[in-house]
Structure formats: structure tokens, C-alpha cells
S.K.: 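Can you read through this structure? Questions will come right after.
Letters A, B, ... are given to chains in the order of the sequence lines, protein chains preceding strands, and every chain is numbered from 1.
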Amino acid sequence: MSEHHKENFITKYVFTQDHKMIAKQFLITGMFMAVVGMLMSAIFRVQLANPGESSILYNLLPGAWLNDSGGLNPDKYLALVTMHGTILVFWVLTAGLSGTFANFLIPLQIGARDMASGFLNMLSYWFFFIATVVLLSSLFVETGPASGGWTIYPPLSALPQAIPGSGTGMTLWLISITLFVVGSLLGGLNYIVTILNLRTIGMTMQRLPLTVWALLITAILGVLSFPVLLSCGLLLIFDRSFGTSFYLSDIIIGGEALHNEGGSPILFEHLFWFLGHPEVYIILLPALGIVSEVIAVNSRKPIFGYKAMVGALLLIAFLSFIVWGHHMFMTGMNPFLGSVFTFTTLLIAIPSAVKVFNYLATLWRGNIRFTPAMLFAIGTVSAFITGGLTGIILGDSALDINVHDTYFVVGHFHIVMGLSAIYGMFAGVYHWFPKMYGRMMNKNLGYLHFWGTFICAYGVFFPMHFLGLAGLPRRYYSNSAFPMFDGLSDINELITFFALAGAIFQVFFLFNFFYSIFKGTKATQNPWKSNTLEWTTPVERIHGNWPGELPVVTRWAYDYSKPGADEDFILQTEPLKEGEIEH
Amino acid sequence: MDIALRNTVKKQLLWVALVSISMFFASMLSAFIVEKADVVNWKVFILPDQFEISTVIILVSSFLLFFIKPLLKRGKSIFGLVFIVLILGILFSYFQIKGWQQLTNEGVYLTGIGSNVAGSFLYILTLTHLLHLVGGLVGLCISTIKSKQNLYSINNYLGLELTSIYWHFLTILWIILFTFLKFY
């Protein structure tokens with residue numbers, strides 16, 4: 001592990017144990033899944049705009065998914081919504097984001113040769129890869145993939161005969177998510193132990209870049225919450241395959257009374273959301289870590305309130321474990337308990353506000369460079385604020401009940417979790433692309449990508465709040481059966497227009513990404529003039545990161561525009577001058 | 001990475017994994033508590049005697065593992081000791097299975113028309129513990145072979161140390177599960 005060594009194609013690109021290559025494997029797989037998930041959303045948005053009509057986009061689907069007139073079958077609409085949610089939440093924003101940047105940045109930013117266990121790291125990716133194959137294979141099952149929503153609530157998920165997607169598709173979903181969780185846990189163990197043990201000389205916890213803090217706390221969240229999803233899934237597997245009754249009771253299906261009694265689907269919700277809410281922060285915190293770095297670098301200013309930022313991350317992580325009940329206000333929960341969950345949920349606004357304030361304070365009077373990465377980082381903060389505000393409404397049990405399961409919820413979580421995290425991911429890709437591939441991405445295409453995405457994303461998700469306030473339920477195949485929603489069809493069409501336009505703008509990103517890997521301008525060693533250790537490694541990738549001795553750290557990561565310094569950045573390895581006080 | 005750091009790293013990887021496994025069982029027990037509070041026809045049953053025997057066995061096995069370090073310090077062979085622990089581990093598994101037999105004889109089933117959520121939880125909790133124990137048995141098998149070949153010394157017995165930590169964890173976990181199932 002210590003030095004660069006000779007590699008063949010298999011050990012370099014396939015069964016690699018080099019954290020940087022594993023990061024790229026996560027990124028490419030995540031991007032592929034993002035395209036699949038995005039196409040699914042484009043297809044079901046077309047259905048919502050033109051219910052029951054045929055579309056050229058449907059040519060991407062198997063023929064059995066369509067009805068005689070060429071329209072999308074209702075059960076396959078549900079399958080697309082379910083798979084879109086599953087893919088985006090787990091495959092793109094969990095593994096694609098965390099897997100990429102934890103693998104890439106942790107060893108590089110703490111000054112380590114590699115992860116604590118290269119082998120476990122490799123296994124982590126391959127579990128993820130096999131999970132991907134299993135999930136995608138469910139698209140080709142006769143009865144279709146899982147269709148009960150990404151939250152797979154029983155009894156739909158527990159009874160194979162419930163709906164077409166409850167059969168083999170659901171079984172494959174469960175196998176796939178089990179493999180996914182195993183992969184995530186292996187990765188999480190590695191991240192935590194690497195950060196705690198393999199920091200180079202001088203890299204104290206107080207000198208860690210906020211990206212690493214965010215990735216550490218994310219890994220802790222994963223290690224604590226993913227096993228709960230595993231136990232939740234295990235009980236579900238027993239219910240659907242072996243006839244237990246953990247989640248089932250008093251069910252008559254197809255005129256037949258089932259033997260199951262004593263179980264409760266609400267138990268599933270408790271277990272699922274005990275993972276589910278920390279999962280929101282497993283998605284969000286890495287993005288916030290990336291944004292901290294990108295904003296500081298491109299504002300040419302130290303991050304404002306470093307300790308408060310770390311404290312806010314810790315507090316958000318802690319609170320994320322005691323708020324799961326806000327997803328369950330409609331389950332007949334005791335109103336007092338509901339008020340407790342309301343209180344704990346609204347408490348999250350405090351550390352969130354600290355983070356937003358500190359980002360804005362960092363930007364304030366900064367010498368801002370509007371690189372594509374910086375635009376996406378600011379976009380993250382913007383989406384975090386916009387989505388966070390509607391979170392206050394949904395976190396309050398009395399208000400949530402009015403908009404439960406409507407498009408208001410869809411709009412909220414897509415902005416606060418989806419957009420924030422995906423913008424953070426884009427910021428990370430644009431920022432660290434030169435380190436990943438030794439070349440620069442095209443700036444102008446980056447700007448086009450940002451503004452196209454930013455406008456279209458708000459065009460999609462902002463109007464959804466109004467649909468929700470008008471009572472439009474989520475997950476419905478068509479709203480044309482309800483005259484009260486007739487007046488909303490124009491908004492639905494508008495949303496679909498923006499969704500399709502937004503998808504087109506992603507083509508610019510994909511082109512820019514792959515073109516730049518081969519034809520982009522060659523990068524210099526430190527193109528953004530950053531302080532952190534990754535920019536002290538050679539441009540060409542080597543296994544072991546630094547050709548000679550490991551760097552020695554003498555200062556924190558945010559000495560930008562420090563008075564008395566020769567330049568507006570000081571590498572973490574540069575010794576303090578005589579009389580210089582560390583930040 | 002020097003040897004001391006490598007050993008620390010491997011131990012920490014195991015400790016973090018144990019935290020993760022603990023969360024798995026904590027969620028199972030939480031589910032048990034929630035379900036018991038909700039279910040009207042919760043079946044009350046008596047734990048089979050075999051589980052008490054297996055409790056004593058796993059406690060003894062865990063206790064014996066504490067003698068490994070002193071023996072290695074004195075340069076003595078640990079093969080016999082590790083082998084006995086392995087046998088005790090197998091005996092534990094045997095009595096667990098006998099316990100399940102006893103339960104079915106008394107009409108407590110994992111699944112089916114005659115099953116009850118209470119019984120299903122009992123089987124799932126003990127089954128998942130036993131599945132984790134299989135990992136420990138594999139570790140003990142490897143340690144037994146290595147100790148037979150005298151590959152361990154006081155300066156080099158990390159694999160056995162990791163197996164011991166895992167085994168102690170499984171013992172504590174079983175005591176918690178047993179106490180919970182018996183008295184809750």
C-alpha cells in the first residue's frame with residue numbers, strides 16, 4: 001500500500017484496491033444509475049402531462065409495459081415511480097455521492113496512502129455493483145419491478161399476490177438492497193477507521209477539512225442506521241417468503257382470508273424511518289461538506305465558524321435519530337408523541353441555520369470566483385434554504401396532516417434533499433475533476449449546465465407545492481378522474497416541460513465529463529489554488545498518493561487571504577512563519 | 001503501515017462492525033417491544049431448558065478465552081484451550097437447535113397457521129444470533145488450526161485476539177437476548 005507499484009488492467013481498473021479508482025467506479029456507476037433514474041422520471045412525467053396517451057419516450061420501455069393504445073400501464077407507472085425513488089435515494093445520492101467523495105477525498109485530505117483496508121474497500125464497491133445488477137434485472141421480470149413506492153410499505157411489499165410488482169420484482173428489490181447495505185457498511189467501517197487512525201503527522205481533528213468531518217459523521221450515521229434497515233428487511237422477507245406475521249394481520253385478499261394475525265405495518269414504518277431519516281442526512285451531509293470546501297476556496301476566505309460548522313454537523317446527526325416519527329403523523333400516533341416529534345424536528349432548524357449563516361458569512365465580501373463548482377455550491381445552499389423552509393411546515397404535525405401524501409411533500413424533499421445533494425455532487429465533480437482525471441472540464445458547458453439545471457429544477461419542484469396545497473395526491477397514475485383537479489393540468493404540463501428540459505441539460509454535463517476525461521485541457525497541480533493536501537499530490541495518479549514521504553501538516557485547511565501572506569492561499573503543509581499565529 | 005498501527009486498525013474495524021451488529025439487534029428488540037405492546041393475542045411461552053444450558057456453555061467458553069494471553073506469555077501451547085472453546089461453541093449451537101425442537105414440541109412455531117408473532121420473534125432473534133455465531137466458529141476453526149501449527153506467539157496472535165473479541169461480544173449479546181426473552 002505504501003508506494004506505487006506495477007498494476008495490470010484487472011488490478012488497476014476492475015478489482016482495484018486504490019481508493020481513487022474505487023471512487024471513480026462509484027462515480028461512473030452512480031452517474032449511470034442517475035441517467036436511468038432520470039429517464040424513468042421523464043417517462044412518468046410525460047404520463048402525468050398526457051395521461052394514457054402514447055409518447056416517443058415509451059419506446060425505451062418493454063412492450064408489455066404499454067397498453068393497446070400505446071399508453072403506459074398504470075402498474076408500470078407505479079413501478080417507474082418506485083424504481084426512480086430507490087435509484088435516486090440509494091444508488092445516486094448515497095453510494096454515488098458518499099461512495100465517490102469519501103473514497104476519493106478521505107485518504108487524500110488526511111494525508112494517508114490509502115484506506116485502512118483496501119480489500120474491504122474493493123468489496124464495498126463490488127457489493128454495490130452486484131446490487132446494481134440485481135436491481136436493474138428486476139426491470140426485465142414479467143410482472144415488473146417493485147411498485148409499492150421506494151418506502152416499500154407492507155402489506156403491498158409483504159404479499160407477493162398484492163400487485164404485480166409485489167412478486168419477483170419485490171424479491172429482487174430486497175436482495176438488491178441487502179447487498180447494497182452490506183456494501184455501504186463495509187465502506188462506512190473503512191471511512192471511520194481511516195479517519196481516526198491514518199491521519200498524517202500534524203493533521204489533528206481540528207485541522208481536518210470540513211469535507212472529511214462531514215464524511216466521517218455520514219459514515220457514523222450509516223453504520224448506526226443501515227443495520228436497522230437490514231433488520232426491517234429481514235422481517236419483511238420472512239413475512240413474504242416464510243409466512244410469519246410481523247407486519248401482517250387480518251388480511252383478506254382476492255376473497256381469501258390469510259392466516260396472518262398479530263402483526264403491524266406500523267412496526268415496519270418505525271423501523272424503516274429509523275433508517276429513513278438519518279438517510280436524509282447520509283445524503284445531505286457529504287454535499288454540505290463539499291460545499292464548505294468549494295465555497296471557502298472560491299471565496300478566497302476562511303470558512304466562517306469552523307467549530308460551529310463541526311458542531312452543527314454533529315447536532316444534525318444526533319437529532320436525525322430522534323425525529324423519525326414526523327414521517328408517521330398520519331398513522332394514528334398519539335398527539336402528544338406527535339408534538340414531541342414536532343419539537344425534535346424543528347430543533348434541526350437551529351444547526352441548519354448555523355450552517356446556512358456560516359456559508360453566507362463566508363461568501364460575504366469574499367473575492368468570489370464563479371466557477372461552475374462554486375455556482376453549484378451556492379445552488380446547494382439556495383436549495384437547502386428553500387426546501388428547509390417547507391420542512392418547517394411538514395415537521396409540524398398539525399400542518400403536515402393537511403398536505404400529507406400530496407405533491408407538497410414531493411416538492412419539499414426533492415428540493416431540500418434531492419437538489420441540495422445533487423448540486424453538491426456536481427460541485428464536487430467540477431471541483432475535483434482535475435484531481436481525478438488530470439484534466440479540466442469545460443467552463444462554459446459547466447455554466448450552461450448549471451443555469452439550465454437550476455432554472456428547470458425550480459420549474460419542476462416549485463409549482464409542486466401549489467399542487468400539493470390544492471390537495472393533489474402523489475403517486476397517482478392520473479388525476480383526470482377527479483374534476484376538482486382539472487384546473488391543475490396546465491401546471492402538470494408545465495412541470496413536465498421543465499423536467500424534460502432539465503434532462504436535456506444533463507446531456508451537456510455528460511458530454512463535458514466524458515469529453516474532458518480524454519480531451520480536456522491538462523490540469524496544473526493546484527488549479528484552484530487550494531490549501532488542502534490532495535493538491536500536493538502529483539497530477540498523474542499513483543497508488544500511494546505521494547511518491548516520497550507523507551506530507552506533514554502544520555496549519556488548518558482554511559488559510560485563505562491571510563494578512564501578511566505572499567499569496568491568497570497557504571498550503572496546509574507550509575510551516576507557520578515566525579510569530580505567525582495559527583488562525 | 002507499521003504492524004502496531006495495522007493491528008489497531010484491524011481491531012477498530014472489528015469494534016465498529018460490532019457497533020453495527022449491536023444496532024441490528026437493538027432494532028430487533030425494539031421491534032419486539034413495540035409489537036408486544038400492540039398485539040392482543042401475544043402468546044406467552046416458557047423458554048426451553050436447553051437455552052439455559054447453552055447460556056452456561058457460552059459463558060464458560062468466553063471465560064476460557066481469557067487464559068490465552070497468560071498461556072502465550074508463558075510460551076505454552078494454546079491448542080488445547082482453543083480447541084475446547086471451539087467444541088463448546090459447537091455444543092452451544094447444538095443446544096440452541098435442541099431448544100428450537102423443544103419449542104416446536106410445545107407448539108411454538110416460526111411460521112405457519114399455528115405460529116404467533118411472539119414465537120416468530122423468538123426464533124428470529126435466536127436464529128440471527130446463531131448465524132453470527134457461525135462466523136465466530138469459522139474464526140475458532142482457523143485459530144485452532146493455527147495454534148496446532150504453533151503459529152501464535154505473545155507478539156503475534158492478532159487473528160486469535162480478534163476472534164476472542166468477537167466471541168466475547170456474542171456471549172454478551174446472548175446474555176442480553178436470553179435475559180430479555182426470559183423476563184420481558
S.K.: Find the distance between CG (A:Leu229) and CZ (B:Phe24) and round it off to the nearest 0.5 Å.
M.R.: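 Here the interatomic distance stands at 11.0 Å.
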S.K.: Are A:Phe246 and B:Val117 side-chain neighbours, meaning at least one heavy-atom pair lies under 4.5 Å?
M.R.: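 Yes, their side chains come closer than 4.5 Å.
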S.K.: Which bit of A:Leu230 is near chain B, if near means a heavy-atom gap under 4.5 Å: side chain, backbone, both or neither?
M.R.: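 Both the backbone and the side chain of A:Leu230 come within 4.5 Å of chain B.
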S.K.: Using a 4.5 angstrom heavy-atom cutoff, name the option from A:Asn190, A:Leu235, A:Leu185 with the most pairs to chain B.
M.R.: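 Option with the greatest count: A:Leu235.
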S.K.: Please check if atom CH2 in B:Trp15 has more than 12 non-hydrogen atoms from other residues, nucleotides or ligands closer than 6.0 Å.
M.R.: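 No, the 6.0 Å shell around CH2 holds no more than 12 heavy atoms from other groups.
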S.K.: Side chain, backbone, both or neither: which part of B:Phe25 has an atom under 4.5 Å from a heavy atom of chain A?
M.R.: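 It is neither, since no heavy atom gets under 4.5 Å.
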S.K.: Looking at B:Lys148, I'd like to know if its NZ atom is crowded, meaning that more than 12 non-hydrogen atoms belonging to other residues, nucleotides or ligands lie closer than 6.0 Å.
M.R.: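 Open: at most 12 neighbouring heavy atoms sit under 6.0 Å from NZ of B:Lys148.
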S.K.: Is atom CD1 of A:Ile201 surrounded by more than 12 heavy atoms (other residues, nucleotides or ligands) closer than 6.0 Å?
M.R.: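 Counting other residues, nucleotides and ligands, CD1 of A:Ile201 stays at 12 neighbours or fewer.
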S.K.: Side chain from CB out, backbone as N, CA, C, O: work out which of these in A:Leu196 comes under 4.5 Å of a heavy atom of chain B, or both, or neither.
M.R.: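 Answer is side chain: those atoms of A:Leu196 sit under 4.5 Å from chain B.
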S.K.: Do A:Thr244 and B:Ser120 meet the criterion of a side-chain donor-acceptor pair at a distance under 3.5 Å?
M.R.: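 No, no side-chain donor-acceptor pair sits under 3.5 Å.
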S.K.: Is it true that atom CG of B:Leu131 has more than 12 heavy atoms of other residues, nucleotides or ligands lying nearer than 6.0 Å?
M.R.: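 Yes, the 6.0 Å shell around CG holds more than 12 heavy atoms from other groups.
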S.K.: Just give me the residue among A:Ala112, A:Gly188, A:Pro227 that pairs up with chain B most often, heavy atom to heavy atom, under 4.5 Å.
M.R.: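 Winner by heavy-atom pair count: A:Pro227.
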S.K.: Which distance, rounded to the nearest 0.5 Å, do you find between the OG of B:Ser27 and the CG of A:Leu234?
M.R.: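 Answer rounded to 0.5 Å: 9.5 Å.
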S.K.: Hey, what do you get for NZ (B:Lys10) to OG (A:Ser117), rounding to the nearest 0.5 Å?
M.R.: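 Spacing of NZ (B:Lys10) from OG (A:Ser117) equals 7.5 Å.
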S.K.: Would you indicate whether the side-chain heavy atoms of A:Leu189 and B:Leu14 approach each other to under 4.5 Å?
M.R.: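 Sidechains of A:Leu189 and B:Leu14: no contact.
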S.K.: Let me know if B:Val9 has heavy atoms under 4.5 Å from chain A in its side chain, its backbone, both or neither.
M.R.: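 The answer is both parts of B:Val9.
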S.K.: Measure A:Phe226 against the heavy atoms of chain B and call it side chain, backbone, both or neither at under 4.5 Å.
M.R.: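 Neither part; nothing is under 4.5 Å.
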S.K.: Looking at B:Lys36, I'd like to know if its NZ atom is crowded, meaning that more than 12 non-hydrogen atoms belonging to other residues, nucleotides or ligands lie closer than 6.0 Å.
M.R.: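 Counting neighbours around NZ of B:Lys36, more than 12 heavy atoms of other residues, nucleotides or ligands fall under 6.0 Å, so yes.
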S.K.: Heavy-atom distances under 4.5 Å only: say whether B:Thr128 touches chain A with side chain, backbone, both or neither.
M.R.: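 Side chain only.
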S.K.: Is any side-chain heavy atom of A:Phe238 closer than 4.5 Å to one of B:Leu127?
M.R.: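 Heavy-atom side-chain distance check passes, below 4.5 Å.
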S.K.: Kindly check if the number of other-residue, nucleotide or ligand heavy atoms within 6.0 Å of CZ (B:Phe180) is above 12?
M.R.: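 Atom CZ in B:Phe180 is crowded, with more than 12 foreign heavy atoms closer than 6.0 Å.
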S.K.: Measuring from atom OG of A:Ser249 to atom CG of B:Asn41, what distance do you get when rounded to the nearest 0.5 angstrom?
M.R.: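 These two atoms lie 7.5 Å from each other.
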S.K.: How many angstroms lie between atom OG of B:Ser30 and atom NE2 of A:His270, to the nearest 0.5 angstrom?
M.R.: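 Here the interatomic distance stands at 10.5 Å.
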S.K.: Can you tell me if A:Tyr153 has over 12 outside heavy atoms packed within less than 6.0 Å of its OH?
M.R.: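 More than 12 within 6.0 Å, yes.
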S.K.: Of A:Asn197, A:Val193, A:Ile192, which meets side chain to side chain contact (heavy atoms under 4.5 Å, CB included) against B:Leu13?
M.R.: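 For B:Leu13, the side chain to side chain contact (heavy atoms under 4.5 Å, CB included) test succeeds with only one of A:Asn197, A:Val193, A:Ile192, which is A:Val193.
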S.K.: With a 4.5 Å cut-off on side-chain heavy atoms, are B:Leu5 and A:Leu198 touching?
M.R.: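 Contact flag for A:Leu198/B:Leu5 side chains = yes.
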S.K.: Heavy-atom count check: over 12 atoms from other residues, nucleotides or ligands less than 6.0 Å from A:Phe318 CZ?
M.R.: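 No, the 6.0 Å shell around CZ holds no more than 12 heavy atoms from other groups.
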S.K.: Give the member of B:Met28, B:Lys43, B:Glu35 that has the highest number of heavy-atom pairs under 4.5 Å with chain A.
M.R.: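 Looking at each of B:Met28, B:Lys43, B:Glu35 in turn, B:Glu35 comes out on top.
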